[in-house]
Amino acid sequence: MTRILMVCLGNICRSPLAHGILASKLPTDHFYVDSAGTANYHVGDSPDHRSIAVAKNNGIDISAQRGRQFQVSDFDTFDYIYVMDPSNFENVVKLARNTNDIVKVKLILEMDDSITEKRVPDPYYGDLSDFEYVYELLEGVCTKISQSLIDN
Ligand code: 4NP
C-alpha cells in the first residue's frame, strides 16, 4: 500500500480538494490518500462549502472528510507528503525528526513541470472563482502524480 498525505493550513479548503481529486484517480486497493492541516483551527470540521461545491461540480464528493491536524506520526504513516505552499512546507519540515522525514515533503506543484506557479493560493478569503482556480491547479497536478505513482 502506498500512502499519500495532502497538507494545507486549515485542512478545509485546498488539501480536502487535493485529497478527493487524487483519490478519484487511484485504485483503493493499492493507494491510501488522506489530508491534514498544520493548524488546529478546523479539527473535526467538514470541508469549506465552496470546496465541497467545486468538487461536486466535477463529480467528486468530499463532504464526508473531516479536518484533522498534521502530527509527527504522519511522517511514519505516509510515503509522500504534498504541501500546498511554502508556508505549509516550512510548518511541516519544522516537525521533521530527521532527513528521512524531510525528503517525504514536497511542494505539490513542483510535481508538474508545465506549471510555473509554485504555490496553490489560499482561497479561504476569496470567492468561488478562487476555489475553481485551485481545483484546476490540483486537477492538473494530481493527474501527473497519479500517472507517476501508477507507473512506478
Ligand atoms: P486551507 O485554507 O489551508 O486551504 O484549508 C484555510 C482555511 C482556514 C483558515 C486559513 C486557511 N483559517 O484561518 O481559519
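These numbers come from a predicted model, not from an experiment. Just so you know, residue 1 is the first one in the sequence shown, and it goes up from there.
- With a 4.5 Å cut-off on side-chain heavy atoms, Pro121 and Tyr133 count as touching.
- Using a cutoff of 4.0 Å between basic side-chain nitrogens and carboxylate oxygens, Arg3 and Asp79 are not scored as salt-bridged.
- More than 12 heavy atoms of other residues, nucleotides or ligands sit less than 6.0 Å from atom CD of Gln71.
- Ionic pairing of Asp113 and Lys144 is not present here: no N-O contact between side-chain nitrogen and carboxylate oxygen is shorter than 4.0 angstrom.
- Contact annotation: the side chain of Asp48 approaches that of Tyr124 to within less than 4.5 Å [non-hydrogen atoms, C-beta and beyond].
- By the 6.0 Å contact criterion, NZ on Lys118 is enclosed, its count of non-hydrogen atoms from other residues, nucleotides or ligands being greater than 12.
- Counting heavy atoms of neighbouring residues, nucleotides and ligands inside a 6.0 Å radius, atom OH of Tyr80 does not exceed 12 of them.
- Residues Val134 and Phe89 do not share a hydrophobic cluster, defined by chaining ILVMFWY side chains whose heavy atoms lie under 4.5 Å apart.
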Item to complete: Please report the C-alpha distance between Ser146 and Leu22 in whole Å, then the side-chain angles of each, then the deciding distance to 0.1 Å, and finally whether the side chain to side chain contact (heavy atoms under 4.5 Å, CB included) criterion is met.
Response: CA-CA 7 Å; Ser146 67; Leu22 186 65; 4.0 Å; yes
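- Residues Met111 and Val7 do not share a hydrophobic cluster, clusters being chains of Ile/Leu/Val/Met/Phe/Trp/Tyr side chains in contact below 4.5 Å.
- One hydrophobic cluster, built from ILVMFWY side chains closer than 4.5 Å, cannot hold both Val93 and Val103; they sit in different ones.
- Going from atom CD of Glu139 over to atom OG1 of Thr143 covers 4.0 Å, rounded to the nearest 0.5 Å.
- When all heavy atoms of Asp112 and Ser114 are compared, the closest pair comes out as OD1-OG, 2.7 Å.
- Closest approach of Ile60 and Ser24 over heavy atoms only: CD1-OG, 3.7 Å.
- Contact check for Val105 versus Tyr82: no side-chain heavy atoms found under the 4.5 Å cut-off.
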Worksheet item: After noting the C-alpha distance and the side-chain angles of Met84 and Ile108, does the key distance pass the side chain to side chain contact (heavy atoms under 4.5 Å, CB included) rule?
Response: CA-CA 6 Å; Met84 301 297 126; Ile108 191 168; 4.1 Å; yes
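- Two different hydrophobic clusters hold Ile12 and Tyr41 under the rule that ILVMFWY side chains link at heavy-atom gaps under 4.5 Å.
- Between the Asp130 side chain and the Asp127 main chain, a donor and an acceptor come within less than 3.5 Å of each other.
- Of the possible polar contacts, one joining the Asn88 side chain to the Asp85 backbone as a donor-acceptor pair under 3.5 Å is found.
- Between Phe70 and Phe75, the two ring planes are perpendicular [angle over 60°; tilted spans 30° to 60°].
- Between Tyr135 and Ile21 the shortest side-chain heavy-atom distance falls below 4.5 Å.
- Contact of the Arg50 side chain with the Val54 side chain is not registered, since no non-hydrogen atoms from C-beta on lie closer than 4.5 Å.
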Worksheet item: Should His19 and Asp34 be marked as a side chain to side chain contact (heavy atoms under 4.5 Å, CB included) after you check the CA-CA gap, both sets of side-chain angles, and the distance that decides it?
Response: CA-CA 6 Å; His19 171 176; Asp34 193 14; 3.8 Å; yes
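- Between Leu138 atom CG and Asn58 atom CG the span is 11.5 Å, to the nearest 0.5 Å.
- Atom CZ of Phe31 is separated from atom CG of Leu26 by 5.5 Å, given to the nearest 0.5 angstrom.
- For the pair Ala96 and Ile102, the tightest heavy-atom approach, listed with the atom from each and the gap, is CB-CG1, 3.5 Å.
- Met6 and Ile52 fall within the same hydrophobic cluster, where Ile, Leu, Val, Met, Phe, Trp and Tyr residues are linked whenever their side-chain heavy atoms come under 4.5 Å apart, directly or through other members.
- Using a cut-off of 4.0 Å between Lys/Arg side-chain N and Asp/Glu carboxylate O, Arg97 and Asp76 are scored as salt-bridged.
- Using a 4.5 Å cut-off on side-chain heavy atoms (C-beta onward), Arg14 and Asp122 make contact.
- Across all their heavy atoms, Ala36 and Ser15 have their closest contact at O-OG, 3.5 Å.
- Side-chain atoms of Gln65 come within 3.5 Å of backbone atoms of Pro16 as a donor-acceptor pair (strictly under, hydrogens ignored).
- Residues Ile81 and Asp74 share a closest heavy-atom pair of CD1-O, 4.2 Å.
- Interatomic distance, Arg119 CZ to Leu109 CG, rounded to the nearest 0.5 Å: 10.0 Å.
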Fill in: Derivation and outcome, side chain to side chain contact (heavy atoms under 4.5 Å, CB included), residues Asn11 and Arg66
CA-CA 8 Å; Asn11 191 211; Arg66 294 295 177 266; over 6 Å; no
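- The side-chain heavy atoms of Ile145 and Ile4, taken from C-beta on, include no pair separated by under 4.5 Å.
- The two residues Pro27 and Ile150 make their nearest non-hydrogen contact at CD-CD1, 4.4 Å.
- Distance SG/Cys13 to NE2/His49: 9.0 Å, rounded to 0.5 Å.
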